[in-house]
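In what follows, a single structure is set out as structure tokens and then discussed.
Only a predicted model underlies this, so the values are computations on that prediction, with no experimental measurement involved.
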Amino acid sequence: MFLGLDLGTSGLRGLLVSEDGAPVGDCSSAYIVRSPESGWSEQAPEDWLRACGEVLTNLRKIFPTEFSAIKGIGVSGHMHGATALNGEGEPLGPCILWNDGRAWREADELDADPAFRQISGNIVFPGFTAPKLLWMSRHQPEIFSRIDKVVLPKDYINFWLTGSMTTEMSDAAGTSWLDTEQRCWSDQLIENSALRRNQLPELVEGCQPIGSVRKQIAEEFGLPLNVTVVGGAADNAAAACGIGAVSDGLGFVSLGTSGVMLVAKDQFAPAPGTAVHTFCHAIPGKWYQMGVILSATDSLNWLATNHGRELSDLLSELPETSEGPSSVMFFPYLSGERTPHNDANIRGAFVGLSRVSNVSDLCQAVIEGVSFAMNDCYEAIKATGTELSSVMAIGGGSASVYWLQSLSNSLNLPLELPEKGDFGAAMGAARLAMTGVMGVLPEEVMTRPGIVSVIEPQPAKTAAYASAYQRYVKGYSALKEIQ
């Protein structure tokens, strides 16, 4: 058996997978995100350990036989989080998360240095790790002066499990400290952002073993002795492993808390001017391109919460299929935006409201606004020279056929729906553990699922969506002008 742990923004999930790749069972534990100031987003690393302990305890209770047969563990996690540790490996404060925009000035400053785009292959976004550390050096000098190591969120879990201080290529690529083509730390970039090389962990590949679960942890949670832990992966790279998007041109669109369009690449192909991320994949010798929006299902959850409704109730009021773009338009910039704007300060809006607008109209507008934002990502990816004929749809939002049809119409691209199964980041993390422990090639275990259906663009409606998208594109500049 193999265990994939996925450290998400709102909770940690553990998935047991048999050696033939079949999911056996899972458990989850939730935690919260804190926003002490506007544009800030933080999480307590201690909450991750508590959640991990709960997941291990519950998996052991529910699946005792399978739990006792675990041979390897892989961990995936949300990217970019600045987790500062003291010399004893203890957190010096909350982790500054991926969707935190406080370091936008520092990001602009670092991005003005040509070395960052040249070496890392990416814009320095405010959510990346390097500008957060530069911000800490200026605004929290008492904490910054005590930093012994800076690790990424999932690597703190790995440190707790094994005592090994490591990170792997797919997560390191989102720090602005990595030479992404050469797959090594860049001393120049590290020094230019106020850190020292010895404050960063050792680099490994995602399927590379980093150590065994510590005896104390194994005894406390009933794990077998000598369980191997591998380097793991950033969440989107892990999701790509989970659905078999590891060869050139294979990709997915994910409607999760954030929205992602990802395509695997056999070669390093940076295009930072497009605001497309170009990162190392979680397996050796592979990379991927990715467009990211910060508020996908998060936008729908925001709408439901502020209307005192369950999200499922809102979605149930929509028609079975898309009837065309709404006259109400939503801009999903609740936490700023990445691709293609790289703007931490832009904020969202509804446009076109009238006295007859109701909550269903708002729900449709949110779905379409997120779809148009994903089209922004697709256009940016196409600007790099990458073409797609179809993508697989994953994430919580993909459960809504209405949303998928709106998205397909907006992208003018077929969306493939995988057969029923578990193909998310936790599966990808488990597959990385299988690769490292069993000594097999990644392609042998990171296979693509069968496709049960394809959502095709509706020819009679794509022109209307294309017209609405052009209005959406103009809206960013208008919002920027008045905010």
Side-chain angles (χ1 to χ4, degrees), residues 3-14 26-37 40-61 73-100 102-103 127 129 132-133 135-136 139-140 142-167 171 174-175 199-201 210-211 213-223 227 229 231-235 257 425-426 429:
L3 175 61
L5 297 172
D6 178 35
L7 182 73
T9 305
S10 58
L12 186 144
R13 178 171 180 249
D26 70 308
C27 290
S28 300
S29 179
Y31 36 75
I32 63 172
V33 174
R34 299 173 178 85
S35 299
E37 296 189 32
W40 290 29
S41 184
E42 300 179 345
Q43 214 156 55
E46 296 84 356
D47 288 348
W48 306 335
L49 302 188
R50 173 196 54 77
C52 192
E54 287 182 358
V55 165
L56 292 174
T57 297
N58 290 331
L59 285 173
R60 184 189 182 192
K61 288 179 180 178
I73 296 175
V75 184
S76 71
H78 49 76
M79 298 182 72
H80 317 304
T83 312
L85 307 179
N86 64 18
E88 286 70 50
E90 300 165 339
L92 289 167
C95 171
I96 305 176
L97 294 183
W98 57 274
N99 55 351
D100 187 292
R102 75 184 75 177
T129 320
K132 295 170 184 171
L133 269 295
W135 181 93
M136 289 178 65
H139 298 274
Q140 296 177 340
E142 72 288 349
I143 295 177
F144 185 82
S145 65
R146 297 168 55 203
I147 294 175
D148 181 70
K149 285 287 191 293
V150 177
V151 298
L152 296 158
K154 67 106 170 53
D155 301 317
Y156 184 63
I157 298 289
N158 279 343
F159 172 65
W160 177 70
L161 286 170
T162 67
S164 297
M165 197 78 74
T166 63
T167 193
D171 228 356
T175 63
Q199 290 178 299
L200 295 181
I210 63 170
V213 173
R214 293 186 294 124
K215 183 179 179 181
Q216 176 185 347
I217 298 294
E219 291 177 347
E220 180 176 357
F221 297 103
L223 283 163
V227 173
V229 180
D235 50 3
T257 302

Minimum heavy-atom separation for [X] and [Y], please, with both atom names.
{"X": "S76", "Y": "A426", "result": "OG-N, 4.4 Å"}
{"X": "G14", "Y": "L59", "result": "O-CD2, 4.2 Å"}
{"X": "Q43", "Y": "G8", "result": "OE1-O, 4.5 Å"}
{"X": "M79", "Y": "A234", "result": "CG-CB, 3.4 Å"}
{"X": "H80", "Y": "G127", "result": "CB-O, 3.0 Å"}
{"X": "N58", "Y": "C27", "result": "CB-SG, 3.8 Å"}

With rounding to the nearest 0.5 Å, note down the distance linking [atom1] in [X] to [atom2] in [Y].
{"X": "L56", "Y": "K61", "atom1": "CG", "atom2": "NZ", "result": "12.5 Å"}
{"X": "R102", "Y": "M136", "atom1": "CZ", "atom2": "CE", "result": "8.5 Å"}
{"X": "T162", "Y": "I217", "atom1": "OG1", "atom2": "CD1", "result": "10.0 Å"}

Does [X] reach the side chain of [Y], with side-chain heavy atoms less than 4.5 Å apart?
{"X": "M165", "Y": "L85", "value": "yes"}
{"X": "T167", "Y": "K154", "value": "yes"}
{"X": "L12", "Y": "S28", "value": "no"}
{"X": "L3", "Y": "L5", "value": "yes"}
{"X": "T83", "Y": "L152", "value": "no"}
{"X": "F221", "Y": "R60", "value": "no"}
{"X": "P153", "Y": "C95", "value": "yes"}
{"X": "L161", "Y": "V75", "value": "yes"}

Inset, instruction - Kindly determine whether R13 and V55 satisfy side-chain contact (heavy atoms from CB on, under 4.5 Å), including the steps that lead there. - result: CA-CA 7 Å; R13 178 171 180 249; V55 165; over 6 Å; no
Keeping [X] on the side-chain end and [Y] on the backbone end, is there a donor-acceptor pair under 3.5 Å?
{"X": "D100", "Y": "I96", "result": "no"}
{"X": "S164", "Y": "I210", "result": "yes"}
{"X": "R214", "Y": "W160", "result": "yes"}
{"X": "S35", "Y": "W40", "result": "yes"}
{"X": "Y31", "Y": "D47", "result": "no"}
{"X": "E42", "Y": "V33", "result": "no"}
{"X": "H78", "Y": "T9", "result": "no"}
{"X": "D155", "Y": "N158", "result": "no"}

### Query
Are E54 and R50 within salt-bridge range, i.e. N to O under 4.0 Å?
yes
Donor-acceptor contacts under 3.5 Å from residues 142-150 side chains, at least two apart:
residue	atom	partner	partner atom	Å
S145	OG	P141	O	3.2
S145	OG	E142	O	3.1
K149	NZ	N198	O	2.9

Apply the test side-chain contact (heavy atoms from CB on, under 4.5 Å) to residues Y156 and L49: give CA-CA distance (whole Å), side-chain angles for both, the deciding distance (0.1 Å), then the verdict. CA-CA 9 Å; Y156 184 63; L49 302 188; 3.8 Å; yes
